[in-house]
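Not measured: the values here are computed from a predicted model. In what follows, every chain begins at residue 1, and chains take the letters A, B, ... in the order their sequences are listed.
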Number of protein chains: 2
Amino acid sequence: MNLQITRNGTVFMQLREDIVMGRLRPGERLRTETLRQRYAVGGSPVREALMRLESEGLVELEENKGFRVAAVSQEQLDDLSATRTEIEGIALRKSIALGGVEWEANLVSAMHFLASASRESDHAPYDRNADWLAYHREFHRALVAGCNSPILLDIRERLFDLGERYVALSISTKGEARDHVAEHRAIMAAALERDADTAVRLNREHIERTTEKLKLLGDFAH
Amino acid sequence: MNLQITRNGTVFMQLREDIVMGRLRPGERLRTETLRQRYAVGGSPVREALMRLESEGLVELEENKGFRVAAVSQEQLDDLSATRTEIEGIALRKSIALGGVEWEANLVSAMHFLASASRESDHAPYDRNADWLAYHREFHRALVAGCNSPILLDIRERLFDLGERYVALSISTKGEARDHVAEHRAIMAAALERDADTAVRLNREHIERTTEKLKLLGDFAH
DNA sequence: TGTCAATAGATTTTCGAATATTTTGAATCA
DNA sequence: TGATTCAAAATATTCGAAAATCTATTGACA
């Protein structure tokens with residue numbers, strides 16, 4: 001009946017999304033009973049999913065006292081953005097050095113999806129749209145996918161998740177409307193031209209711009 | 001993280017050590033029943049520990065088919081060493097730029113322990129001695145501890161664990177006797193002199209030398 | 001009034017059994 | 001012989017309840 005997907009795996013994905021999307025707030029207690037009801041499963045899958053998320057930094061565990069949604073702070077946001085910049089810098093340079101035509105094609109494709117999704121919903125706050133988020137994630141993944149380093153890609157992926165939570169937790173300031181499509185297109189162009197220094201610089205500015213925007217609303221910052 | 005208290009935490013640490021030290025071989029199946037007996041606990045703590053280790057890359061999970069000790073390969077060893085070099089490079093530079101006298105003192109202290117442990121057991125293959133391994137680990141941790149980036153330190157720690165497993169899995173080639181103490185002392189000296197370029201270079205060579213030695217015995221390499 | 005101890009209640013953690021899935025191997029058919 | 005089906009054995013997964021631990025509250029005592 002339950003084809004191939006285990007309850008534990010399902011809960012893991014749902015719970016991660018609930019945390020990354022900010023539906024569960026930082027510091028909030030995650031009682032087993034509550035989660036059992038929320039996801040309609042027993043205690044074992046819930047605990048196993050929580051253990052995995054703890055290892056990914058989205059959940060905190062205090063032994064014999066239970067789980068909480070991981071706290072956030074201005075310091076961690078800064079650390080996260082700085083580290084992400086470094087990691088993506090390395091991966092991007094390697095991609096530009098090693099990536100073949102397959103990497104290029106995939107990147108162009110991802111850019112197309114992103115641009116399309118941006119156009120369709122340009123009246124709404126499109127950077128909250130679920131589709132747009134998925135395409136955005138895919139673009140950044142495709143950008144560095146040619147680096148030939150699974151370990152680096154795995155690290156990047158996790159940092160991206162952690163960062164996305166900060167975006168979700170911020171109440172869309174929308175100070176000055178950014179032209180996301182142009183930003184991404186510029187990074188892609190530099191990458192395809194094998195101009196590593198420019199691509200890395202643009203990517204760094206891209207991350208910094210997002211971090212700066214979040215800095216404005218010191219909601220959870222302690 | 002008080003990992004000693006709950007059974008799950010205890011199993012997690014024991015199992016991780018058994019894998020990192022090579023007592024459980026790559027690819028080996030990890031049946032719940034076997035592990036229950038091995039660690040004298042029930043199924044829940046075992047599965048929870050395995051989930052955490054899966055997230056750390058030491059265990060592989062195939063849904064509904066169970067767990068295995070993560071496979072090893074020459075490609076992953078190369079990827080691991082390269083990534084570790086990059087990550088430690090970043091952290092080391094930040095440490096040298098930001099580290100205060102506390103960082104310096106801790107580093108000197110760690111070096112002293114390492115040198116002492118090396119001297120005491122210089123007749124034996126001391127780089128397999130449990131104490132020596134702990135001091136070695138602590139030295140490398142202390143070296144970058146001043147970087148003021150918890151996220152970077154966490155990543156470095158995990159990569160170090162993964163790398164240590166490759167060392168444990170290799171049958172002590174001992175080709176040319178290395179002067180480990182001198183190598184570490186040189187890295188420390190450059191760091192304390194705030195000579196980032198030299199420190200990073202020496203650290204890179206330190207990692208490369210270890211990786212090269214392991215390359216010789218293509219035991220598990222597929 | 002303030003501190004401490006004891007207890008009851010709430011929650012986490014763990015176990016053993018029940019359920020679901022995969023693997024094995026024998027029997028059947030082409 | 002080789003492929004296929006089907007049951008049973010092995011194994012992984014999940015559940016519900018028991019055990020262990022933490023938290024809150026009450027009452028005794030200084």
**Residue B:Lys65, side-chain heavy atoms: nucleotide from D:dT14, C:dT12, C:dT22 that is nearest** = C:dT22
**Message:** If the cut-off is 4.0 Å, is A:Arg31 near the phosphate of C:dA10, judged by side-chain N/O to OP1 or OP2?
**Reply:** no
**Request:** Indicate whether OP1 or OP2 belonging to D:dT13 is found under 4.0 Å from a side-chain N or O atom of A:Thr6.
**Result:** no
**Prompt:** Between atom CG in B:Leu30 and atom P in D:dT11, what is the gap in whole Å?
**Reply:** 13 Å
**Asked** B:Phe67 has a side chain; which of D:dT13, D:dT14, C:dC15 sits nearest to it?
**Response** D:dT13
**Message:** I want to verify a distance call: between D:dC15, C:dT12, D:dA12, whose nearest atom is closest to the A:Pro45 side chain?
**Reply:** D:dC15
**Request:** Provide, to the nearest angstrom, the distance between the CG atom belonging to A:Leu35 and the P atom belonging to C:dT12.
**Result:** 9 Å
**Item:** Residue B:Phe160 excluded, over 12 heavy atoms near CZ under 6.0 Å
**Value:** yes
**Message:** Nearest to the side chain of B:Arg29, heavy atoms from C-beta on, is which of D:dA12, C:dC15, C:dT12?
**Reply:** D:dA12
**Request:** Find the distance A:Ile5:CD1 to D:dA12:P and express it as a whole number of Å.
**Result:** 18 Å
**Prompt:** Starting at CD of B:Glu62 and ending at C1' of C:dT22, how long is that distance when rounded to a whole Å?
**Reply:** 11 Å
**Message:** Nearest whole Å is fine: how far is D:dT11 P from B:Arg36 CZ?
**Reply:** 13 Å
**Asked** How long is the span from the CG atom in B:Leu143 to the NE2 atom in B:His206, to the nearest 0.5 Å?
**Response** 9.5 Å
**A:Glu28 CD - C:dT11 P separation (whole Å)** = 14 Å
**Asked** Taking only N and O in the side chain of B:Arg47, is any of them less than 4.0 Å away from OP1 or OP2 of D:dT13?
**Response** yes
**Message:** Would you say that A:Glu48 contacts A:Phe12 through its side chain, given a criterion of any heavy-atom pair below 4.5 Å between the two side chains?
**Reply:** no
**Prompt:** With respect to the phosphate group of D:dT13, does any side-chain polar atom (N or O) of A:Ser44 fall under 4.0 Å of OP1 or OP2?
**Reply:** no
**Asked** Distance only, no hydrogens: is a donor on one side chain within 3.5 Å (strictly under) of an acceptor on the other, for A:Asp78 and A:Gln74?
**Response** yes
**Prompt:** What is the distance, rounded to the nearest whole Å, between atom CE of A:Met51 and atom C1' of C:dT14?
**Reply:** 12 Å
**Residue pair B:Asp18 / B:Tyr39, side-chain donor-acceptor N/O under 3.5 Å** = yes
**Asked** Of all the choices, C:dT14, D:dT13, D:dC15, which nucleotide is nearest to the side chain of A:Val41 once you look at every atom?
**Response** D:dC15
**Prompt:** Can you tell me how far C1' of D:dT13 sits from CD of B:Glu54, to the nearest Å?
**Reply:** 16 Å
